[in-house]
Every structure is written in structure tokens, then in C-alpha cells.
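The structure under discussion appears below in the form of C-alpha cells.
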Amino acid sequence: MRYIATIAGQDHEFEVEQTGEQNSFRLRLADNRYDLDLRRAGPSSFSILIGDRVFDFEVTGEGEDLAIASREGVTRIVISDLARRAATSRSARAAQSGRAEMRAMMPGRVVSVLVSLGDEVATGAGVLVIEAMKMENELKAPKSGKVIEIRVVPGQTVEKGELLVIIE
Amino acid sequence: MRYIATIAGQDHEFEVEQTGEQNSFRLRLADNRYDLDLRRAGPSSFSILIGDRVFDFEVTGEGEDLAIASREGVTRIVISDLARRAATSRSARAAQSGRAEMRAMMPGRVVSVLVSLGDEVATGAGVLVIEAMKMENELKAPKSGKVIEIRVVPGQTVEKGELLVIIE
Amino acid sequence: MFKRVLIANRGEIAVRVIRACRELEIETVAIFSDADRAALHVREADFAVPVGPPPATDSYLRIDRIIEAARRTGAEAIHPGYGFFSENAGFARAVAEAGLVFIGPPPGAIEKMGDKVEARKLMTAAGVPVVPGSPDVLETEAQVRAVAAEIGFPIMLKAAAGGGGKGMREVHRGEELASALRAVIGEAKSSFGSSRFYVEKYLNRPRHIEVQVLADTQGHTVHLFERECSIQRRHQKVVEESPSPFVTPAMRQAMGAVAVRAAKAVGYVSAGTIEFLADADRNFYFLEMNTRIQVEHAITELVTGVDLVKEQIRIAAGAPLPFKQADLTQRGAAVECRIYAEDPENGFAPAPGKIATLRFPDGPGVRVDTGVYQGAEVPIHYDPMIAKLATWGRDRGEAIDRMRRALDEFVIAGELRTNLDLHRWLMRHPQFLGGEYDNNFLEKEYRPPTEESLEGERLAAILMAAAAAYKNHSAPTGVKIMALQPPASAWKIAARLDLLRR
Amino acid sequence: MFKRVLIANRGEIAVRVIRACRELEIETVAIFSDADRAALHVREADFAVPVGPPPATDSYLRIDRIIEAARRTGAEAIHPGYGFFSENAGFARAVAEAGLVFIGPPPGAIEKMGDKVEARKLMTAAGVPVVPGSPDVLETEAQVRAVAAEIGFPIMLKAAAGGGGKGMREVHRGEELASALRAVIGEAKSSFGSSRFYVEKYLNRPRHIEVQVLADTQGHTVHLFERECSIQRRHQKVVEESPSPFVTPAMRQAMGAVAVRAAKAVGYVSAGTIEFLADADRNFYFLEMNTRIQVEHAITELVTGVDLVKEQIRIAAGAPLPFKQADLTQRGAAVECRIYAEDPENGFAPAPGKIATLRFPDGPGVRVDTGVYQGAEVPIHYDPMIAKLATWGRDRGEAIDRMRRALDEFVIAGELRTNLDLHRWLMRHPQFLGGEYDNNFLEKEYRPPTEESLEGERLAAILMAAAAAYKNHSAPTGVKIMALQPPASAWKIAARLDLLRR
């Protein structure tokens, strides 16, 4: 089975096949080949041996979006098999045009909107103030450009990931 | 829904119905009626409020055989709905005739068999010695009677629950 | 001793108080908002009473409902924890008027220390050194400018009723004054219901060092040495340690004596903390008194061996302190890391959510206090601190070695994000290891780490785990790794159902 | 200091050693049998090497494979833990011959103390009091009867190579002698490969009190005070505490001095324990020396603040002890409960199996050491101890209060059974609370509790939980309580698959 995984913006194409027993796998990555022993120690716990090296992971998330937690911290990863990936990447490219969508990073309440429709903003300029968990946080423009859409008004409650403002 | 539950040899017949919201239940037991709020805090964790009293349980086990663990310890319980129970109890009564089946309480190795077929044994008499986890344990007759069946021989490995000797 | 105590709080401090009560064989009553029905403090209590909808002002800050909950369950005393009503004299009075015992200081002491401006005056009168600043409450920007002209920038603008890092801004230049003033007044109003503020000199390389005190109703007051809390972000403590690597034995003795004097000046009873700012020359100034148990009390417990929460309860029941000043010693050293549900890559904005997986560290010298569990939802309505990790060692070096080890064992993942990486970074930072830091350290030094570039076996292992989890989750084609269905998606369904019900 | 250490053990002690190594920034190599591939000590290590099939004799007791594993991974030293090879001079020599460091005493010291009869002679010569008994190894029943005639019944029959409660029987009357002798010889042969035995007087109301020692390679030897381990079952320790409530300051000083003398008499290096029996008149007699780290070392760590495992490693690396006798003090008190996977209703027979649910206690003064986790399978092949729960308090009372609280927080369920209820019973028993117990206490006093009769709300709640879990599991008729599928059955499938694979 061939996969493609993105970690910190970098794509890794690799292939996994089962070898012999149920827990033995071979992974091919670039010019390297790794023989792995994989055990599941719990619903989200994986113990992996490569040679004598131990790797212990908790894998959470859904579908393609995974978080892999270990003693070294959490690695976020997007994974899919190659066929699915082709479709996904086309739509991703479309989204990455010259526009920036500012979304709520957490659920909260809009305290104030600091820009007006049509305003030209510079990177880092304050755009919105959102209150969450008793703290006010100013959201700054991720890129310079023109405010082409404002989706929220002061006092409004927003969910995590909700679209707030579009800058182009 | 009506159930019957056995705890420590005692039968409890009771009825549960959902009231109003998803988490609200009413339980009828003998002449008493209890209103409960039930939440699931994890795959096997249940939090129950009866009035202001808090009960926190971890329920494990399979099907009808359950173990309910709390701060007060573990309560073993056998539960079924009334229809199923009727069938079960008939076969249970048959099993509870004058015979006692001695089964292995843990996996181990039979060290020695202290009785012969046809022997009359008194309650508490040594019947078998089993070694498990480096400890030898003598299994004693649960009732007085005649040894009518010996299923194991010294040196044999036995699984938990395996039938060893029958006394009648 | 009390038979039953109500805890007017939530999260780890509610669980902490429950533990103290259980060790004293006192029954506990939890209160909970609708968001907290399955929270750990509810699950651990003997009784629990709902007090309203998720927003704290509708539940945890409803005096009437809390008093009624205590009455209804027959609780004889109320422990306020920290935050919420812990420093609210009105609440303390309402508790007393209901014939119940408030486990904390007398309302008068709360009031005297609660108004930061009045407290400064009182302390000055008692001979306690205070930070230079406005002698009284200010009202206009012009007044602030006048004080600033006198003591010089940088200055701190502070809400008179403030505390816990809220309602304060530092101002380095005159241009910043107007917006900072608006922010302080706004936060002060919304958090404390009062817009009164004052000004303090912002010290050069200040270190936040505080002294724990305990006072009983018989007039005995002792201090339990210092904690250093200079590792801060946005004036919120992130890491604390005891003893302070900065404090000399002479300074320790002087601070302890001053702290006892400050507590006595307001007739203090129960556990409290005198916060000081120390400058680079080891001058120290009274900053404020926290008239409650503090988040970071655990490190004092580890170093002195005294259970501060149990002492609070005993004192409230009228018992004298079981030790004198001379009986108290510091043994070894302790460090505490506050684990927040926040996103370091997004300016440490709160990042709550479901905790899908959770493994706490344990073993020698490690203590975890938490209000969450695997599968719990960290609600968006409250403080994002989800756990406190404290370690003890024979000396500071061992305490830090253990913290590093404990942080490595601490595994948490799910919808939420945490600041664990910040702590891992800090426990390896030469300046922190050398004890050379001040209140500005984090703001100056910390940048979220760029993702490590993964390679070799580690990358292969991560990819394998991802493929296994992905495969397991997606359609059953190709390699079948395990018969197990990961419960993540089932959780999600349950979580959504929960959400719909609320 | 070593760069990499192999731990020739499993379970909680392997995890304990890994933690010590990590705090010293030493990499760790685990070994595992086929039954332990997913055991906690493997998951926590940096490297892991398989050493054979489940039976210990085919894996954890294979010198060749362990040495090869160390070579292959580049480990420089081997820590044996307790049990297995920890008191095997042959293993210690093989390690040295392979050019590796054995983290423990010199083989000569192991040998001298390993033969209990030789050790008695040596100690007598060094002026250490020993329990009256046979001066030498015995061979026949007649010889035993002769000694018994001299010292009088009751007597203890003991395997000369014994230890850890195995290979010993007490004999109260002549009639019991023959069968007891057969049992001791049998166990001695199968456990220690030697049938040699000897006889000791069985003391009146004996208490098992032991002294921890540490000795470095530079000739410094200190003691770290005593532990009392009289709460035993079948000569296996179940609960330990430090300090002993029985030991007076004078007795403590005398025992410490004797323990240091005993260790020096065999040229001891590393951590070790001198076990004494004390009679009702506070006479104490050398029983044996455990030339290894002990299960119950944690309580000494809690009371003295010394990390014994890290000291073992430092000593093996040639470092001198960082403290003198005068630097060591006892602070407060600590208690340890050993949690076994065993069935109290079935004569405490081992009751291993899958751990379906597991919640450890935490918070102030609580320490858990374990080799298991939720979802882990406790294998049938090894010792059934699954966790050690230790608590510390300012005094014995507080340590016990905390233990009671911690035991209440400890939730474990699944296929296995545990002795948690025994500990809960013990921590409320007036004799234990009064410190009035001896080695026979448990055998005399403990009866598995009859199931409490449930009633009222508690019964209703249990029935509700059972109905909810049952409903959830069975066909989706009637009330649907939750969208969640309990993972119990999925686990079972996984467990069975695992079993098939082995």
C-alpha cells in the first residue's frame, strides 16, 4: 500500500507491506527500507520496534488528520493513500490563491472588529479582537491586502474554525 | 425494561425507564423508586447522581457478567432481562445438583493429584496441587462426597476455568 | 472537625480540596455547571449539586445557588479554592451569614488586601516596603502622566481590584498609554466589576518572589519560605520553584519576617501569600497579598512537608497550628510546571477540546494535580489550566532532572493543544538551569520551536504509526493491521451528542 | 557516567530503573520475553531486545542472550533489578567477563550472603547477632529433630539458597516436620537449584525489620534507617513502613551500626538490605542480607529523600557517595502497599489477566510504581505484583490517612483480581493503626470480607450502571443509553488474536 504523508509542510511518499507475521511490516521511504514490528498497546497506543529501537506513540485524530504524541512531543500529520491524495491536492491548490481566510482559532466571542470592508491592511495589523476564556486576543492580518469580506459582528459568538474575515 | 441482577447470591428484580431527557432514568426496585442522572465519562466509566449523591463506576466484563469497580471496591454482578433469565436459571439449577465441579482458578501446572477415582473426601480435604507463578497451591474439596471424575494428570498444564475434578 | 464541606470551585483545585477532605475523613460536596456534569471534581466528590449554565457568572459565581447547595446537602463549611469567590469578601460574609464556615481569611482581611491601593497604604504604615508608584487610586490619563513623569517609564497600570495577572499592562512609552489604559479599565470592569486603577514603577529585571504564610485563629502566624514565580507569560505564572535560586539565606529570613508582619497587619487567618517584586540588587517590595490558597502551593508542600489545604481546613475548624516557625524547614527543592490547554503556535491562545489520550508521569518525586481525565472535554468557559506537574529533588538540579523526565512521560493528545513543549524547552535552557532569569525571561527568550526535521528510523516509525491508524480507520482495503476499531470516531459521535444535549 | 544501560528485568522495577536512568540522561535497553513485547518497560525504554519465550528460564534467566543483547546495543552496564539474576554471582561474573559493569555488589559479596548458612557463620564472627539455630547445613530429618530438641519448637526450616519468602516453612510440632521438610526441599530445588537447608528458632511474636545500606567503591558505607515489613502473608511482604513504629531511637542507632558492620564484613558495595528479626523485647537478630535493590525501597526514598536506584548507578560508575551518615535524616513517615493480581477469595492464588480499566491515585504524598497500564495483560508467567502504592506524611498518621485516600482512588477491574480490599481493611484496623502487629498479624487477623449487603441508593446506582452497560452491549432494543460501543469486546478479540500469535 502506498501512502503520502505531510509533516510540517513536507511531503513523504512511502510504501508499507506486511511481511510474514501479523506484526511485521516493511516500509520503503525514498531509498531506504525499514523492517518494523508493530504492536497495538491500546486503542490509540502503538509500540514500534525498528531493529532494537523503541518508538511509542499515541495516535489520535480522525481520518487523514492525525496527531502522533510521544515523549518528544506531538507531531501533526496528514496522511492518505496516493489515489485519494491526487484529488485532495487539486482542491488545496485552488484554496491557496492570493487570499487569506482568517478563522477563529478557538471558540469565543467577538469583542470588536477593527477593520472595515475595503480597508487595505498590512501584515500584522490588528483585524479583530476575540475574547475566550476571559482573555482578549487580537487577531492580526496574516498577509497584506484588502479586506474583501467580514463575516462577523461585535458580540457574536464564534465556533472554532469559523470564517471571520477574508483578505485578498 | 425489566431486569434481574444477582449480587453475592442475592437476586434483585428491577425496572428501568427513561424519563424526559436522554440522561434521566427512573429505577423501580421493590417498593422504592429512584430518579437517576446517568452520564458516561469514558468507554467504561459511568457517573450517576441520585439526588445529590454521587456514584462513580467503572463497569467491565462482557454480556451478563459484569464487574463494577468503585472507590468501595469491586462488585460482581450477573444481569439479564427477565425473558433471558428464565432460560438461564433453568440450566443453572441443573448444574447446581449434588455435584461440585472443581475448576482451575488460574492457569498453571498440575503438580500432584491427591485423590483417586471413587475416593470419599471430606469438605476441605486436599484434592490437587497446582503450581502457578512459582507458588504451589492446594485445591481443597468444596463439599464432601465421592470423586467421580478426574480430568487431569500430574505435569499437565491447565487453563483458567478448566474442569479438574468432579465430586458428587 | 467538619462532617461535610462544600467546594465552591472546579478543576484541579476542587479535586485537591476533595483529597484533603478525604484524608481528614470529611465528606465533600461538589458544585457543577452544566458543562461540568462529568468533570473529575464531580466524579470524585460524595455529593454534587448543579448550580447553573456553563458561564461562570451563571453558576460558579452565583452566591445564592452555592449557599443553597450547602444548605441542602448539610455542608458545614465552604472552601472557595482559588479564583471565583476565593477573594470575595461579600461571598465570605454571605457564607457566615448563612451560618456556615468560610474556609479562608476573615472578610475584613480580604477587603483590606483586595483593594491594591488601600493595601499599599496599609503596608507602608506597617513598615513593609512597597513598589514606588501612585499613592492613591487614579482616575484620568492626565493623572497617570503626572505619576509617570515623577517615577519615570516604564510603569505598570494595574486594576485596584485585580489579581491573577488580569487587569494589568506595562507601559514603556507615553504613546502606549492611552490604549493600555483602555484595556486595563475594560478588563478591570469585566473581570472585577470595578474600573479603579493605580500605577506602579516597573522595576528593572524584576523577579516575582512570594512568601507563603499560615495563620491560625489563636494569633499564631508562620511563614513557609518562598516560591519564585518569575517564569511568566502575559503576567501569568507558568513555572514556579522553591526555594528561589536567587534568594540568599539573609534575604529569605528578611522576606519571611516581613511577610509575617504584613499578614499580622491585616489580622490574617488561614493560608495566604505575600507577593514581592525583587530587583537585581535583591531589594524586595510588597506587591500584593493573595488571600487564598494559590495554584503553586504544591511546591511549598513538597519542600516543607506541610499540607497547606488540610491546614486551611483545620484552622477554619478552630485548631491551632501544629507547628512553630522553628519546626519548619526547607528540604530539597521543587519545581512546578502548569500545563495549559493552549496553542503555542497561535500566541498561546486557549485551545480547549476533547482529550483523546492522556498518560500522566509518576514514580519518584513526581506529583500531578489535575481536573481532567482521558476522554474528558476541556470546556471553553473556564481557565485553560488542565494540570499541574510538580517534582521534588534533593537539590534544584535533581528536581529539574526529574521534571525533564516527567515531562517526557507526559503524553496528551486530542482536539486540544498544550504548552508541554515550552516546559521541555525551558528545562533545558542554560539560563533557567543557572537560575538566571527574571519576569521578562519567557517573553524575551521563548519562540515556539520550528518543527524538528524528522529523519531515519524516527520518521519511518511515525509514518508507520500513521499508516496503521489511518488504515484502521479507513475502508478495509489492503493491509489489515488490527481487529480493533479505534474509539476516536465513536468518541466524536458521543461528544457531538453531548453537545446537542446541552 | 554510562551512556547506555541494559535492564535485565521486567515489570515495575524495570520501569523504575528506566526512570532513574532517564534522570541521569542515560539511554536504556529493555529486554523482553515474547509475553512482554507490549509491556510498559519495553514501551518506556529507548531500545529493546527480545530474549526468548515466556517462561523466565527461557528468557529473563538466559545469561547468554542478555549479555548478547547488551553487546548488540552497546550497553555499558547492566542493572539486574530484583529477583531473576539480581542475587546471582554467576551472572555478575559473566557480566564482568563480558567487559560490562554489573550495577550491584561484587560477586564475592553476593556469594557470601547468598548462602544463608555461610552468612550466619560470617555474621557471628563479625559480632552480628543471629537467630538461634543450626550452626551448619543439615541433611536429614533426624538432624533437624536434634536441633529442634535443643532450641525447642516452633522452628523455621529454610533453604540455604533461599530468599524472597520462598523455600521456607514454619514447624510448630514434630508431626508437621516430615511434610514441611519435603516442601522446603522441593521448593529449594525448583527455585534455587539447591536442596541445602538449615533450621532457625521461630521467635515469639517476631517483627521483620530491615536496614537499608549504601556502600561506594571508596569504602564509605552508610545506612538509611529501617523499614518494618511485618505485614506478611506466606512469608511474602505485603505492606511496609518506615520508620518502624516499634523501633526506639536507641534501637534504631544500634541496628544501623550493626547493619553497617554486617555490610563491611563482606566488602559490600551498592545498595543492600540487612534483614533482622526483632522479638517482643526488642532484641534483634540478623536474618539475611538482600544483596540488591528491594521492592520496598520507595519508602526509604520518601523518608530520606535519597534516590537509591540513582545512587546504585552512580556507585557502579565509580562515584563516591554524595553524603555522609550525619547528612541523612528521616523526615515524616511512609507506607507502601503492594498491589498483587491475586484472588483474596481463593486463598490469594494469583489471578492474572487483562486490565480493562485502571485509575491510579495521585496528588499530595502519593507515589505509584507500576509495570502495567490500562489494556495491558498481566502475564501468568511472572510475579503477580502489578503496582506499588506508597504514601508519605508528616507523621505516621498522615501517611496512613493518605494511604486510605489513595487506596480509595485506586480503581482497577478486568479479568484479574487484586488484593486492594485487604489494604483497605488493613489501613482501618486498630492494631495496625496502633503499630501493634507482628509477622503473624495478617495470617491471624485477615479474613476476606463477606460481600457488603448493598441497599438503598448505592444498590440502585449499581443496578443502573449494570443495566446501562448490559444494554449497551446487548441488542439495541428498548432504551439506548449511548452511541458508544464499549471496547471490552473488541479488546477481547484483540486479546485472543494476541494469544493465537504467541
Side-chain angles (χ1 to χ4, degrees), chain A residues 1 3 5 7-10 12 14 16-18 22 25 27 29 32 34 36 38 40 42-46 48 50-51 53 55-64 66-77 79-81 84 105-108 111 130-137 160, chain C residues 166 183 186-187 190-191 234 343 346-347 349-353 356-357 359 380-384 408-409 411-414 417-418 420-421 424 449-454 456-471 473-474 477-479 481-482 484-489 492:
Chain A
M1 194 76 176
Y3 298 91
I7 304 174
Q10 207 187 328
H12 303 274
F14 64 102
V16 172
E17 58 172 325
Q18 201 158 7
Q22 189 171 0
F25 296 88
L27 187 142
L29 173 66
N32 298 313
Y34 301 92
L36 307 94
L38 171 80
R40 198 143 193 184
S44 65
S45 308
F46 294 88
I48 292 172
I50 306 182
R53 280 196 68 186
F55 299 92
D56 193 55
F57 300 121
E58 296 285 338
V59 187
T60 60
E62 271 187 283
E64 307 199 338
L66 302 173
I68 300 190
S70 71
R71 290 204 294 266
E72 281 78 16
V74 178
T75 303
R76 313 247 157 206
I77 185 166
I79 187 170
S80 62
D81 56 57
R84 297 194 192 191
M105 293 304 192
M106 67 217 130
V111 175
I130 291 197
E131 187 194 284
M133 287 173 154
K134 297 271 162 219
M135 296 284 290
E136 295 193 0
N137 295 283
K160 184 178 168 181
Chain C
K166 282 163 195 165
E187 275 183 40
S190 78
S191 289
R234 296 173 171 177
D343 188 352
N346 184 27
T357 193
R359 278 156 58 188
I380 62 169
H381 310 282
Y382 316 111
D383 190 274
D408 281 352
E409 288 181 18
V411 175
I412 183 165
R417 308 228 169 174
T418 73
L420 271 174
D421 283 345
R424 290 181 178 133
T450 50
E451 297 234 15
E452 54 168 339
S453 91
L454 296 163
E457 294 179 345
R458 181 159 179 79
L459 174 59
I462 284 179
L463 294 174
M464 182 73 224
Y470 170 69
K471 187 83 271 167
H473 179 271
S474 64
T477 57
V479 180
I481 283 141
M482 200 66 177
L484 258 175
Q485 171 76 5
S489 55
K492 201 79 182 184

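On a predicted model such as this, the values are computed, not experimentally measured, just so you know. Sequence lines set the chain letters: A, B, ... in the order given, protein chains first and strands last, and positions in each chain run from 1.
- Minimum heavy-atom separation, C:Ala461 to A:Leu36: CA-CD2, 4.3 Å.
- Taking each heavy atom of A:Leu27 and C:Ala460 in turn, the nearest pair found is CD1-O, 3.6 Å.
- Within the 4.5 angstrom heavy-atom criterion, atoms from both the backbone and the side chain of C:Leu463 approach chain A.
- Looking at every heavy atom in both residues, A:Gly73 comes nearest to C:Asp421 through CA-OD1, 4.0 Å.
- Considering only residues two or more places apart in sequence or on other chains, A:Arg71 meets the salt bridge (Lys or Arg N to Asp or Glu O under 4.0 Å) condition with D:Glu44, D:Asp46.
- Between C:Val411 and A:Ala69, the shortest heavy-atom distance links the atoms CG1-CB, 3.7 Å.
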**OP:** Determine, step by step, whether A:Asp56 and C:Arg359 satisfy the side-chain contact (heavy atoms from CB on, under 4.5 Å) criterion, reporting the C-alpha distance in whole Å, the side-chain angles of both residues, the deciding distance to 0.1 Å, and the verdict.
**Re:** CA-CA 12 Å; A:Asp56 193 55; C:Arg359 278 156 58 188; 2.8 Å; yes
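- Annotation for A:Thr60 and C:Gly414: closest pair OG1-N, 3.7 Å, computed over non-hydrogen atoms.
- The one candidate from A:Ile7, A:Thr75, A:Asn32 that meets the side-chain contact (heavy atoms from CB on, under 4.5 Å) condition with C:Leu459 is A:Ile7.
- The two residues C:Ala466 and A:Ile77 come nearest to each other via the heavy atoms CB-CD1, 3.7 Å.
- No side-chain heavy atom of C:Met464 sits under 4.5 Å from any side-chain heavy atom of A:Phe46.
- Under the ring-ring contact (aromatic ring centres under 6.0 Å, His included) criterion, A:Tyr34 pairs with no residue, sequence neighbours left out.
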